[in-house]
Amino acid sequence: WEPSWRRDNEPVLLNGGVNVSGSGDDIVFSAAAESTMVRARFTGPEALRNVSGDLFETREEDRFIEGNQQEVSGGVQWRLVGDRVWNAKASYRRLDLERPQESRTTAITARGVDSLNLASFGEAETRIRFDSDFSLPAWGGAFKAIALVTREHNDAASRVTVDEVGVGRVADRRFFEDSTEDERIARLEQNWEPDPERSWQLAVEGAWNRLELATALAIAGQASPASLSVVSTQDTEIQERRAELTLAHRRELGADVDLQWSLGGETSTIEQGAISRRFNRPKGFVTLNAAPSDRWTLTARASREVGQISFRDFAASVSLVEEVVRETNAELVPEQSWLFSARAERRFGAGHVGSIELQHERIRDLVDRIPRGESGDAIGNIDEATRNQVRVVLTVIGDPLGVPGARLNLLGSWQRSSVTDPIEGFERDIGRLRTRDVRAEFRHDIRATDLTYGFVIEELELAPLYQSTLVQFQDIP
């Protein structure tokens with residue numbers, strides 16, 4: 001049971017789940033049912049300025065989020081003769097989400113409008129997932145075959161009405177979306193461990209993904225709101241076929257030092273209508289771990305990362321609230337980057353642990369929002385960007401402090417980035433980057449009982465999101 005309380009929101013008391021597990025001679029099984037409720041409210045002012053920075057309209061926003069999600073899942077592990085093991089898991093999830101919003105606008109100049117805007121968004125989403133793996137001794141090592149199948153269906157509808165002061169209703173717009181996403185993944189792994197100081201892995205993976213998306217934009221008549229006039233419709237189908245091959249190795253260089261590396265590449269073909277494009281990308285990493293003493297662990301890592309594009313980034317969509325059209329962009333390419341990191345962990349007496357990690361990332365073909373036209377934008381690529389992060393984690397154990405069974409985790413992450421804005425040419429952060437994320441987690445297992453309680457406190461700060469007609473700032477306490 002995980003109730004939650006948020007400022008200016010109703011308490012959520014029905015979050016929780018039930019888990020059952022058991023085992024027989026050669027079988028281990030589990031089943032779970034979980035319910036998650038979200039109740040959130042965001043209120044506050046919004047200022048609209050023109051390109052010169054002059055204020056022309058203010059808004060008082062009041063937005064609610066009401067979501068209910070139920071999920072059931074089950075799994076089984078079956079140990080066969082000859083060290084053969086078969087695992088299988090399946091799950092079903094349904095999400096129902098409502099996001100009503102009220103916005104009162106006040107004109108500062110002639111460009112602004114005095115009005116009441118009412119918006120609503122409803123979504124029903126279902127997801128079915130099945131994954132399985134089978135392993136056995138083979139070819140002087142261990143062989144594993146993995147398969148995953150996922151299908152997700154989503155129905156969504158949004159509506160915005162605008163009533164101007166002294167005029168009445170001047171707009172009633174609606175946007176509908178129906179989508180189905182499929183994912184199929186198959187992976188084969190062969191592992192060898194000649195001795196405890198060395199190991200090898202050869203892996204090949206294939207994937208097929210598809211998105212079918214149908215959208216419609218409609219306008220209701222002022223005299224008859226029930227009469228809809230369809231302005232535009234669009235049907236989109238996007239498919240991707242991807243293959244990956246990697247070779248990985250681990251070797252101990254000394255009693256307290258080990259080296260790991262992986263080298264490989266992936267090739268993918270993305271099809272959208274008559275457009276077909278193919279990408280070939282190298283990838284891999286090198287990691288060095290050292291333990292100079294019982295209290296210290298040091299890690300250095302360099303990796304070549306290849307991003308995965310969300311199919312929805314290719315497709316067009318409409319934000320009725322902000323009056324922004326996100327256009328289709330069939331020329332979008334996956335971003336890739338060099339990521340360098342260093343981490344130090346210190347273990348103190350009585351079980352306390354602290355760590356600090358530094359990251360530097362150099363990104364090519366950054367995927368971000370690219371303004372297009374007077375009132376539209378698209379997901380597109382920016383040539384290059386950089387990102388730096390500092391992450392600090394501290395775990396405090398309650399036993400030596402007189403609170404047996406208690407644990408406090410303090411986590412802090414600070415990020416800064418730099419990218420050249422594609423329109424104005426100034427340096428800015430990557431859109432919606434988590435520039436600050438501070439979190440405190442407390443858990444107390446009461447000794448000699450089966451009772452546990454705890455709490456989580458978190459504060460986020462997001463970098464602005466730039467679009468052709470607006471800049472969005474959002475702080476989430």
Side-chain angles (χ1 to χ4, degrees), residues 8-10 39-51 54-67 96-124 154-179 213-235 315-328 369 371-378 465 467-474:
D8 298 328
N9 290 277
E10 296 181 1
R39 299 292 185 269
R41 183 182 184 186
F42 301 91
T43 61
E46 182 175 325
L48 275 67
R49 302 178 185 273
N50 60 21
V51 293
D54 301 321
L55 179 69
F56 67 86
E57 183 178 291
T58 61
R59 297 180 178 181
E60 286 295 328
E61 306 280 3
D62 196 352
R63 176 185 296 181
F64 295 86
I65 299 178
E66 301 178 1
D96 293 286
L97 187 66
E98 297 286 341
R99 293 204 306 262
Q101 177 174 327
E102 178 181 301
S103 177
R104 296 183 180 272
T105 69
T106 302
I108 305 300
T109 69
R111 181 178 175 180
V113 177
D114 294 319
S115 67
L116 171 63
N117 301 344
L118 299 178
S120 62
F121 174 83
E123 178 182 17
N154 182 284
D155 280 322
S158 56
R159 179 185 182 185
V160 167
T161 60
V162 180
D163 294 275
E164 291 188 7
V165 176
V167 178
R169 179 151 299 179
V170 296
D172 187 346
R173 300 182 295 271
R174 309 181 194 188
F175 185 70
F176 305 93
E177 179 179 294
D178 183 275
S179 65
L213 175 65
T215 60
L217 177 64
I219 297 178
Q222 296 184 22
S224 177
S227 175
L228 290 179
S229 175
V230 177
V231 176
S232 65
T233 62
Q234 184 173 26
D235 294 322
S317 65
V318 175
S319 172
L320 297 180
V321 176
E322 303 295 350
E323 300 182 359
V324 172
V325 178
R326 198 183 79 188
E327 300 179 3
T328 183
R369 302 189 79 140
R372 298 179 68 176
E374 292 295 328
S375 62
D377 76 332
L465 173 66
Q467 296 176 326
S468 59
T469 58
L470 73 154
V471 180
Q472 295 180 344
F473 298 87
Q474 188 173 15

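Of all heavy-atom pairs between Gly112 and Ala107, the closest is C-CB, 3.4 Å. Of all heavy-atom pairs spanning Glu98 and Gly122, the tightest one is OE1-CA, 3.8 Å. When every heavy atom of Arg39 is checked against every heavy atom of Gly67, the shortest pair comes out as NH1-O, 3.1 Å.
Residues Phe175 and Arg173 are not in side-chain contact: their nearest non-hydrogen atoms beyond the backbone lie 4.5 Å or more apart. Between Asp172 and Arg174 there is a side-chain heavy-atom pair separated by less than 4.5 Å.
Between the OG1 atom of Thr161 and the CG atom of Leu118 there is a distance of 4.0 Å, given to the nearest 0.5 Å. The distance from atom CZ of Phe64 to atom CD of Glu66, rounded to the nearest 0.5 Å, is 7.5 Å. One distance of note links CD of Glu61 with CD of Gln101; it measures 5.0 Å at 0.5 Å rounding. Atoms CZ and CZ, from Arg99 and Phe42 in turn, are 10.0 Å apart once rounded to the nearest 0.5 Å. One distance of note links CD1 of Ile65 with CZ of Arg41; it measures 12.5 Å at 0.5 Å rounding. Here the CG-OG1 distance, from Asp114 to Thr58, works out to 8.5 Å after rounding to the nearest 0.5 Å.
For Ser232, the side-chain contact (heavy atoms from CB on, under 4.5 Å) test picks out Leu217, with sequence neighbours left out.
Using modelled atom types, one side-chain atom of Thr105 and one backbone atom of Val113 make a donor-acceptor pair closer than 3.5 Å. No donor-acceptor pair under 3.5 Å is formed between the side chain of Arg169 and the backbone N or O of Glu164.
Residue Asp178 forms a side chain to side chain contact (heavy atoms under 4.5 Å, CB included) with just one option from Thr215, Asp235, Asn154, Asp155, and that option is Asp155.
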